[in-house]
Amino acid sequence: MTTTTPTTPTTPTTPTTTASTATTDASDPEQVIGEARERIDELDARIIRLVRERMEVSSRIQRTRIAAGGRRVHLSREMEVLSRFRAELGGPGTTLAMTLLELSRGRV
């Protein structure tokens, strides 16, 4: 009969960082900022594409509503949009929603 000795789990070691390697890893402030700015630029491009798409959809709704004898602007719907943005983003959300509505339907 053989006996086995219980093994203890090993703890992974954390590599140490020296001053010479700190400038090349992700903790380098300039690298972190540069990468974050690139990400913001990508997000901004997506936001712009989405705003343009929203404008196109809104235009289609307006044309359809007018062709059916309705008004160009549906104020109760705009209030829903404003409320949703305000609920999600606070006061600045209302400003953002107003800008989106203005871009999508023009000034009233």
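This structure is a prediction, so every number in the text was calculated from the model and none was measured.
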Who clusters with Ile48? Use side-chain heavy atoms, under 4.5 angstrom, across I, L, V, M, F, W and Y, and order the result by chain and number.
none
Rounded to the nearest 0.5 Å, how far apart are CD of Glu30 and CD1 of Ile33?
5.0 Å
Hits for side-chain contact (heavy atoms from CB on, under 4.5 Å) against Arg46, two or more places apart or cross-chain, chain-then-number order -> Arg39, Leu43, Arg49
Distance-only donor-acceptor hits, side chain of residues 55-70, under 3.5 Å, sequence neighbours excluded:
unit_1 : atom_1 : unit_2 : atom_2 : d
Ser58  : OG     : Gln62  : NE2    : 3.4
Ser58  : OG     : Ser104 : O      : 3.3
Ser59  : OG     : Arg63  : NH1    : 2.7
Gln62  : NE2    : Ser104 : O      : 3.1
Thr64  : OG1    : Arg60  : O      : 2.8
Arg65  : NH1    : Arg71  : O      : 3.3
Arg65  : NH1    : Arg72  : O      : 2.5

Is it true that, when you exclude Glu53 itself, more than 12 heavy atoms of the residues, nucleotides or ligands shown sit nearer than 6.0 Å to its CD?
no
Is there a path of hydrophobic side-chain contacts, each under 4.5 Å between heavy atoms of I/L/V/M/F/W/Y residues, joining Leu103 to Leu50?
no
Taking all non-hydrogen atoms of both residues, which atom of Arg54 and which atom of Leu100 are closest, and how far apart?
NH1-O, 4.1 Å
Using a 3.5 Å cut-off and no angle test, enumerate the donor-acceptor pairs between side-chain atoms of residues 85-97 and protein atoms at least two apart in sequence or in another chain.
unit_1 : atom_1 : unit_2 : atom_2 : d
Arg86  : NH2    : Ser83  : OG     : 3.3

Heavy atoms, side chains only, cut-off 4.5 Å: are His74 and Glu78 in contact?
no
Is Leu101 close to Val73 at the side-chain level, that is, under 4.5 Å between some pair of heavy atoms?
no
Listed by chain and number, what are the side-chain contact (heavy atoms from CB on, under 4.5 Å) partners of Asp41, not counting sequence neighbours?
none
Sequence neighbours left out, what passes side-chain hydrogen bond (donor to acceptor under 3.5 Å, both in side chains) with Arg52? Give chain and number order.
none
